[in-house]
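What you see is a predicted model, and the numbers here were worked out from it, not measured in a lab.
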Amino acid sequence: LCHSGLAHGAFDALTASWGLDIKESALASALLSALPRQRFSALRSTFSVIMLTLFLAACQTSDVLDAKQRAEIALPDRFAALVVDGRSGRILYSANQDASRYPASLTKMMTLYLLFEAIESGRVSKTSLIPISANAAGQPPSKIGLKAGQSIDVDTAIRALSVKSANDIAVAVAEYLGGTEAQFAMQMTAKARVLGMNSTTFRNASGLHDPGQVTTAMDMARLGLSLRKNFPNQFGYFSLKQVNVAGKQVTGHNKVLDMVAGANGIKTGYTRASGFNLVSSAARNGRLVVAVIMGEDSARERDQRMALLLR
């Protein structure tokens with residue numbers, strides 16, 4: 001900087017960036033100019049190196065702080081979040097982790113948990129056909145749109161739940177495994193207790209709003225971790241981005257799969273009452289992380305904040 005004649009400008013820019021008075025900066029610059037160049041060139045070079053080092057350090061610190069601040073500022077009132085080390089169980093970040101929240105389509109994680117159990121116990125196979133009832137066909141979107149009397153194989157049903165978050169398929173699975181959706185919801189709640197999800201109650205298999213269907217960020221993290229641990233051969237479904245059903249190709253909602261290196265699942269959710277929810281899993285730098293965000297104001301904000309939390 002000294003040899004290029006930019007020392008004075010650099011000094012002014014640096015001091016200004018630290019909030020120093022411009023007059024003080026100008027005075028210091030003038031003092032530097034008054035020094036004999038030959039006699040004090042080493043001093044000027046040393047000074048420039050020190051200033052540049054401090055400048056770079058300040059930039060690096062600012063980047064770190066900005067990332068943390070962006071993950072925490074302007075949080076919605078219903079916001080809750082949790083980041084857990086998947087191997088040690090250590091909590092890496094938390095906000096309202098035990099506050100009661102609506103799960104929305106995160107509910108389908110438990111629907112799939114029970115379906116995976118049925119597969120691995122031999123009760124059903126991936127080629128088994130699940131009938132679509134009038135009740136299932138009549139569910140509101142998001143849905144695949146199969147008609148009453150049609151059927152869907154278990155493998156495709158899993159894909160439709162993981163990728164499309166299809167409410168009609170969730171109800172069909174519930175009726176297939178539980179007889180009725182209400183009976184299946186009781187099984188879901190019972191399984192939640194077995195997994196230590198003591199603050200969660202399920203009333204349906206889809207996550208459509210029910211004031212009695214509640215959970216917490218902590219419980220959703222437990223469910224995400226349990227899915228990874230107990231069904232390693234099935235967990236890959238959660239990383240799928242597209243599914244073909246009845247000749248139609250459907251694209252999923254989980255944009256974090258493309259935003260974060262190592263992201264491998266798992267589920268999005270939204271209702272007006274819940275806000276935008278997401279449970280994510282990522283394997284990075286030899287570490288496994290499961291993260292939960294609940295109650296965001298938009299899918300974009302949810303995804304961006306999740307990307308920050310998974311760094």
Side-chain angles (χ1 to χ4, degrees), residues 80 98-126 128-140 142-144 146 148 151-152 154 157-158 160-162 164-231 234-235 237-238 266-271 273-274 277 279 292 294:
D98 296 316
S100 184
R101 296 290 185 266
Y102 297 121
S105 283
L106 301 187
T107 296
K108 296 182 178 79
M109 293 164 60
M110 182 60 84
T111 302
L112 285 164
Y113 191 102
L114 294 183
L115 183 53
F116 292 156
E117 274 195 336
I119 292 169
E120 301 213 346
S121 70
R123 180 181 170 192
V124 303
S125 73
K126 290 188 178 181
S128 298
L129 294 179
I130 300 173
I132 305 297
S133 69
N135 180 42
Q139 296 299 306
S142 179
K143 61 193 296 183
I144 295 298
L146 296 181
S151 62
I152 185 170
V154 167
I158 295 170
L161 291 172
S162 302
K164 178 61 176 174
S165 197
N167 294 326
D168 50 354
I169 305 305
V171 172
V173 168
E175 293 172 342
Y176 182 64
L177 296 178
T180 67
E181 187 178 12
Q183 290 174 327
F184 185 74
M186 289 189 287
Q187 295 175 19
M188 294 169 70
T189 300
K191 182 58 64 174
R193 297 295 177 271
V194 171
L195 298 177
M197 300 167 59
N198 295 322
S199 300
T200 297
T201 299
F202 293 108
R203 300 294 190 209
N204 61 55
S206 65
L208 289 170
H209 182 63
D210 184 309
Q213 182 146 305
V214 294
T215 189
T216 65
M218 175 62 81
D219 278 3
M220 286 293 104
R222 288 192 176 103
L223 181 53
L225 289 166
S226 296
L227 282 163
R228 280 200 64 99
K229 177 183 177 182
N230 297 336
F231 304 107
Q234 314 295 347
F235 196 79
Y237 281 108
F238 292 112
I266 51 182
K267 190 73 191 70
T268 62
Y270 168 77
T271 64
S274 71
N277 299 342
V279 177
V292 181
M294 307 187 78

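- Qualifying side chain to side chain donor-acceptor pair (under 3.5 Å) partners for Thr111, counting only residues two or more places apart in sequence or in other chains: none.
- The CG atom of Leu227 sits 5.5 Å away from the CE atom of Met109 when rounded to the nearest 0.5 Å.
- With sequence neighbours left out, the side chain to side chain donor-acceptor pair (under 3.5 Å) criterion links Arg203 to no other residue.
- Taking both residues in full, the closest heavy atoms of Ala99 and Thr216 are given as O-CG2, 3.5 Å, listed atom of the first, atom of the second, then distance.
- Of all heavy-atom pairs between Ala118 and Ser121, the closest is O-OG, 3.1 Å.
- The CD atom of Gln234 sits 5.0 Å away from atom CD1 of Ile119, with the distance rounded to the nearest 0.5 Å.
- For residues 190-218, the set of pairs meeting the ring pair (Phe, Tyr, Trp, His ring centres under 6.0 Å) definition, not counting sequence neighbours, comprises Tyr102-His209.
- Contacts classified as side-chain hydrogen bond (donor to acceptor under 3.5 Å, both in side chains) and involving residues 186-199 (residues at least two apart or in different chains) are given here: Glu117-Lys191.
- With sequence neighbours excluded, the residues that form a salt bridge (charged side-chain N to carboxylate O under 4.0 Å, His left out) with Asp219 are Arg222.
- Across all non-hydrogen atoms, the minimal contact from Val292 to Ala217 is CG2-O, 3.7 Å.
- Judged as a side-chain contact (heavy atoms from CB on, under 4.5 Å), and not counting sequence neighbours, the contacts of Leu146 are Ile132, Ile144, Gln150, Ile152, Ile169, Ala246.
- Taken to the nearest 0.5 Å, the CE atom of Met220 stands 9.0 Å off from the CG atom of Asn277.
- With sequence neighbours left out, the side-chain contact (heavy atoms from CB on, under 4.5 Å) criterion links Ala182 to Thr180.
- Listed by chain and residue number, Leu112, Ile158, Tyr237, Phe238 satisfy the side-chain contact (heavy atoms from CB on, under 4.5 Å) test with Ser162 (two or more places apart in sequence, or in another chain).
- Atoms CG and OG, from Asn167 and Ser105 in turn, are 5.5 Å apart once rounded to the nearest 0.5 Å.
- Contact between Leu129 and Tyr176 at its shortest, heavy atoms only, is O-CE1, 3.7 Å.
- In this view, Tyr270 and Arg272, Phe276 satisfy the side-chain contact (heavy atoms from CB on, under 4.5 Å) rule, not counting sequence neighbours.
- In this structure a side-chain-to-backbone donor-acceptor pair under 3.5 Å is present from Lys108 to Ser206.
- Residues passing the side chain to side chain donor-acceptor pair (under 3.5 Å) test with Ser142: none are found, sequence neighbours excluded.
- Checked against a 6.0 Å centroid threshold, the rings of Phe231 and Tyr113 count as neighbours.
- Among all heavy-atom pairs drawn from Ala205 and Ala174, the shortest one is CB-CB, 3.7 Å.
- Side chains of Val173 and Ile130 form a contact here, defined as non-hydrogen atoms less than 4.5 Å apart.
- Of all heavy-atom pairs spanning Ala104 and Gly269, the tightest one is CB-C, 3.9 Å.
- When side chains are defined from C-beta on, Gln213 counts as touching Pro103, because their heavy atoms get closer than 4.5 Å.
- With contacts defined as side-chain heavy-atom distances shorter than 4.5 Å, the pair Leu106/Thr215 does not qualify.
- A side-chain donor-acceptor contact under 3.5 Å links Lys267 and Ser165.
- The side-chain heavy atoms of Glu120 and Asn230, taken from C-beta on, include no pair separated by under 4.5 Å.
- Between Met188 atom CE and Thr107 atom OG1 the span is 5.5 Å, to the nearest 0.5 Å.
- Arg101 meets the salt bridge (charged side-chain N to carboxylate O under 4.0 Å, His left out) test with no other residue; sequence neighbours excluded.
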